[in-house]
Amino acid sequence: MSGHQEMNQVLVIDDEQDLRDGCERILKRMACKVFKASTGEDGIALFKENSISIVLCDLKMPGIDGIEVLRRLRKIDENILVIIITGFATIDTAIEAMKQGAYDFIAKPFEPDQLRIVVGRAMEKLRLRRKAKALEIERLKNLADLGTEKSRILAIIESLPNGIVVTNAKGNVVLMNPDFRKRFDILQDREPGNPIETYIQDQGLCCLIHEISKGLHVNAEKVPTYELTLPSETYLLARGQSVLAEDGECLGAVMIFTNITDLKNFDQLKSEFVAKVAHELRSPLATIHEQLAAVIEDAQGIGEDNRHLLSRAKDKTKNLISLIGNLLDLARIEAGNDYNSPKQVKVSEILDGIVEFLKTRAESKNQALSIVHENVDMPFVVADPLAIESIFGNLITNAIKYTQKNGNIAVTTAVEKGRVKVSVRDNGYGMDAQHVKMIFEKFYRVKNDKTRHIIGTGLGLSIVKGLVDAMDGEITVESEPDHGSTFTVYLPVEREKQEVSV
Ligand code: ADP
């Protein structure tokens, strides 16, 4: 508030000029602007024209008396502070005036100090009154701001093109926006408040939302995600985050659903394109490979150098053929029609065959390749035998490739918690944790002095992961540089029977 607004305007109404002038002198020194009137009528007229906040008014005056002036002034402004000036003889009337709403009174004759005290008190009251008013305005403004802010945030959430659902720590829905309702066919009049599984059918997603709501993923390196397909062939990616209070307590979860159908379709197109190109290249390359092999075998007198060049060309075509084979496998897995003839298989028996087949390769590096079955009677796994061969063929070949000469490779099968567990352990080159995180990505290869010369495509483990996932299995890796690696695969047993019994 500026100094000018703080300045009080005081009106003195008294029929005695000396008193009026005396008051004016004292009040001016108190930084007041002073108006003077000799009658009640003049005083009321001045009051109407100016914004006066304090009135000093004599009780006994010719014309209308002080009580009447007080009554009329309060009619115009009921908050006006009127100080009645009265003689000793009329003290009773002064008390009456107080009852009528006068703010204070001062008895004639008075000392300047007495006037200062009475007017000072009135000014203090005015100051507090103004302050209270300013605070009230501020409070109302803050409330209005808060209200606007709240409705603004709600409007933003409502109009987001992504689905949003918020749950409390128990996994009960507290908010859903229109996009979320639309995606999951939840009618507008269905209130939030119930557990998430009453709104969404997908069990895996509900499980994840419950976990995030309880704060189980708070320290995870990556934001938990979940992909789901809706009946309308729409692909959604759900990403979630715990909502934490200031003290770190988990209050619930916020989930955002993004439509990734276009991305999925694009990815599928890309896979189809790669598969087509790979398919077109495979036959001519196989022919070139065979012809090179024939030329090398038949050619007489072409010289050692030329023979070496042809052999290298033959090896290169072989690598290209295996790259193409890998690409086609991957395309098949990504398209969801991986090895498609599942039957009851004994993983241990298939593994015996693979180990037998790869023994020669291990022996060429003087490595010991062994297999141990911890359970004599292995349960059946329902899978395509070709997929099982591809998984463990890749893992054991890698163990041989990434282990030095004279190393050890041990394959173990067991049954653990109702799943078949197969470990492929080597004491080879191993790798850092940072690589372990990446090796299932397509084309990822660890390149260091020991592995640089080893030929590979970086696709084998993506194929392995794709196949294991498709079987609802799990793969884990433990590895230490220069000490070796252990790849462990868990496969569910007799999946078909479980499905039938549901
Ligand atoms: P490729 O062997 O064709 O390069 P993979 O996808 O099978 O491709 O493997 C990816 C990378 O993971 C390899 O390049 C290698 O660096 C690392 N790797 C795989 N298996 C092992 C292992 N048993 N020991 C050490 N490193 C391995």
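- Between the CD atom of Glu304 and the CG atom of Leu309 there is a distance of 11.0 Å, given to the nearest 0.5 Å.
- Counted within 6.0 Å of CZ on Arg121, heavy atoms from surrounding residues, nucleotides or ligands total more than 12; the atom is thus considered enclosed.
- Figure legend: cation-pi geometry between Lys421 and Tyr490 absent, as NZ or CZ is not positioned both under 6.0 Å from the six-membered ring centre and within 45° of its axis.
- How far CD1 of Ile463 is from CG of Asn326: 4.0 Å, rounded to the nearest 0.5 Å.
- A donor-acceptor pair under 3.5 Å is absent between the side-chain atoms of Asn172 and the main chain of Asn168, judged by distance alone.
- Ile80 and Ser53 make their closest contact through CD1-O, 3.3 Å (heavy atoms, listed as atom of the first residue, atom of the second, distance).
- Inter-residue side-chain proximity for Leu208 and Pro224 is flagged as met; some heavy-atom pair is nearer than 4.5 Å.
- Environment of CD in Glu389: crowded, with over 12 heavy atoms of neighbouring residues, nucleotides or ligands closer than 6.0 Å.
- Nearest heavy atoms, Cys250 versus Ala169: O-CB, 3.8 Å.
- No donor-acceptor pair under 3.5 Å is formed between the side chain of Gln188 and the backbone N or O of Arg181.
- Thr287 contributes a side-chain N or O that, together with a main-chain N or O of Ser283, makes up a donor-acceptor pair within less than 3.5 Å.
- Judged purely by distance below 3.5 Å, without hydrogens or angles, the side chains of Tyr226 and Asp202 pair a donor atom with an acceptor atom.
- Checked against a 6.0 Å centroid threshold, the rings of Phe184 and Tyr199 do not count as neighbours.
- Across every non-hydrogen atom of Asn408 and Asn427, the tightest pair is N-OD1, 2.8 Å.
- Checking side-chain atoms of Asn375 against main-chain N and O of Asp377 turns up no donor-acceptor pair under 3.5 Å.
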Determine, step by step, whether Arg127 and Glu124 satisfy the salt bridge (Lys or Arg N to Asp or Glu O under 4.0 Å) criterion, reporting the C-alpha distance in whole Å, the side-chain angles of both residues, the deciding distance to 0.1 Å, and the verdict.
CA-CA 5 Å; Arg127 194 183 66 78; Glu124 179 62 9; 3.0 Å; yes
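- A salt bridge does not link Glu478 to Arg425: none of the charged side-chain nitrogens sits closer than 4.0 Å to a carboxylate oxygen.
- Around NZ of Lys346, the count of heavy atoms belonging to other residues, nucleotides or ligands within 6.0 Å exceeds 12.
- Other residues, nucleotides and ligands place more than 12 heavy atoms under 6.0 Å from the OH atom of Tyr444.
- In terms of modelled atom types and a separation under 3.5 Å, the side chain of Glu227 and the main chain of Ala238 share no donor-acceptor contact.
- Taking 4.5 Å as the limit, some side-chain heavy atom of Arg307 sits within range of a side-chain heavy atom of Ile296.
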Give the C-alpha distance, both sets of side-chain angles, the deciding distance and a yes or no for side-chain contact (heavy atoms from CB on, under 4.5 Å) between Val165 and Phe180.
CA-CA 7 Å; Val165 64; Phe180 175 80; 3.8 Å; yes
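- Between Phe487 and Phe440, the ring planes are perpendicular. Angles over 60° get that label, and only those under 30° would be called parallel.
- To the nearest 0.5 angstrom, Leu228 atom CG is 8.0 Å from Ile200 atom CD1.
- Checked options Leu491, Val493, Val347; the residue passing with Pro379 is Val493 (criterion: side-chain contact (heavy atoms from CB on, under 4.5 Å)).
- Cation-pi check for Lys125 over Tyr103 is not met; the charged atom does not lie both under 6.0 angstrom from the ring centroid and within 45 degrees of its normal.
- No side-chain heavy atom of Thr413 sits under 4.5 Å from any side-chain heavy atom of Val420.
- Remark: side-chain polar atoms of Asn366 are not paired, donor with acceptor, to backbone N or O of Lys405 under 3.5 angstrom.
- Residues Lys365 and Ile400 form a side-chain contact, since some pair of their non-hydrogen atoms from C-beta on lies under 4.5 Å apart.
- You'll find the side chain of Met431 reaches within 4.5 Å of the side chain of Ser485, heavy atoms only.
- The closest side-chain donor-acceptor pair between Ser213 and Thr167 falls under 3.5 angstrom.
- Atom NZ of Lys437 is separated from atom NE2 of His435 by 11.0 Å, given to the nearest 0.5 angstrom.
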Test side-chain contact (heavy atoms from CB on, under 4.5 Å) on Glu197 and His210 and set out the steps.
CA-CA 10 Å; Glu197 51 272 21; His210 275 288; 2.8 Å; yes
Could you walk me through whether Asn448 and Thr451 pass the side-chain hydrogen bond (donor to acceptor under 3.5 Å, both in side chains) test, one step at a time?
CA-CA 5 Å; Asn448 55 37; Thr451 59; 3.1 Å; yes
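- Taken from CD in Glu441 to NZ in Lys465, the straight-line distance is 10.0 Å, to the nearest 0.5 Å.
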Which is it for Ser479 and Thr486 under the side-chain contact (heavy atoms from CB on, under 4.5 Å) test, yes or no, and what are the steps along the way?
CA-CA 6 Å; Ser479 191; Thr486 306; over 6 Å; no
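- The local environment of CD in Gln201 is sparse, with at most 12 non-hydrogen atoms from other residues, nucleotides or ligands closer than 6.0 Å.
- Nearest heavy-atom pair, Asp179 versus Asn162, reported as atom, atom and distance to 0.1 Å: OD2-C, 3.3 Å.
- Judged by distance alone, the side chains of Ser348 and His373 never bring a donor and an acceptor atom under 3.5 Å apart.
- With respect to the salt-bridge test (charged N to carboxylate O, under 4.0 angstrom), the residues Lys270 and Asp267 qualify.
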Just do the side-chain contact (heavy atoms from CB on, under 4.5 Å) check on Phe392 and Val489 with the steps written out, would you?
CA-CA 9 Å; Phe392 296 107; Val489 175; 3.9 Å; yes
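- Here the shortest heavy-atom pairing between Ile455 and Lys401 reads O-NZ, 3.4 Å.
- A heavy-atom distance below 4.5 Å is found between the side chains of Arg183 and Asn259.
- Here the closest non-hydrogen pair linking Ala278 and Ile324 is O-CG2, 3.3 Å.
- Around CD of Glu136, the count of heavy atoms belonging to other residues, nucleotides or ligands within 6.0 Å exceeds 12.
- The number of heavy-atom neighbours closer than 6.0 Å to CG of Asp298, taken from other residues, nucleotides and ligands shown, is above 12.
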Please evaluate residues His217 and Gln241 with respect to the criterion side-chain hydrogen bond (donor to acceptor under 3.5 Å, both in side chains), reporting the C-alpha separation (whole Å), side-chain torsions for both, the decisive distance (0.1 Å), and the verdict.
CA-CA 8 Å; His217 293 269; Gln241 191 110 40; over 6 Å; no
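- Not a single donor-acceptor pair under 3.5 Å links the side chain of Asn194 to the backbone N or O of Thr198.
- For Arg282, the CZ atom is loosely surrounded, since the number of other residues' heavy atoms within 6.0 Å does not exceed 12.
- Side-chain atoms of Asn177 do not come within 3.5 Å of backbone N or O of Glu158 as any donor-acceptor pair.
- Under 3.5 Å, the side chains of Asn319 and Ser322 contain no donor-acceptor pair of N or O atoms.
- Side-chain N or O atoms of Ser242 include one that pairs as donor or acceptor with a backbone N or O of Ile212 at under 3.5 Å.
- Side-chain contact between Tyr429 and Ile454: present, with at least one pair of heavy atoms (C-beta onward) separated by less than 4.5 Å.
- Between Lys359 and Glu356, none of the side-chain N atoms (NZ, or NE/NH1/NH2) sits under 4.0 Å from a carboxylate O, so this pair counts as no salt bridge.
- One finds the NZ atom of Lys264 at 13.5 Å from the CG atom of Leu269 (value rounded to the nearest 0.5 Å).
- Taking the side chain as every heavy atom from C-beta outward, Ser390 and Leu467 approach each other to under 4.5 Å.
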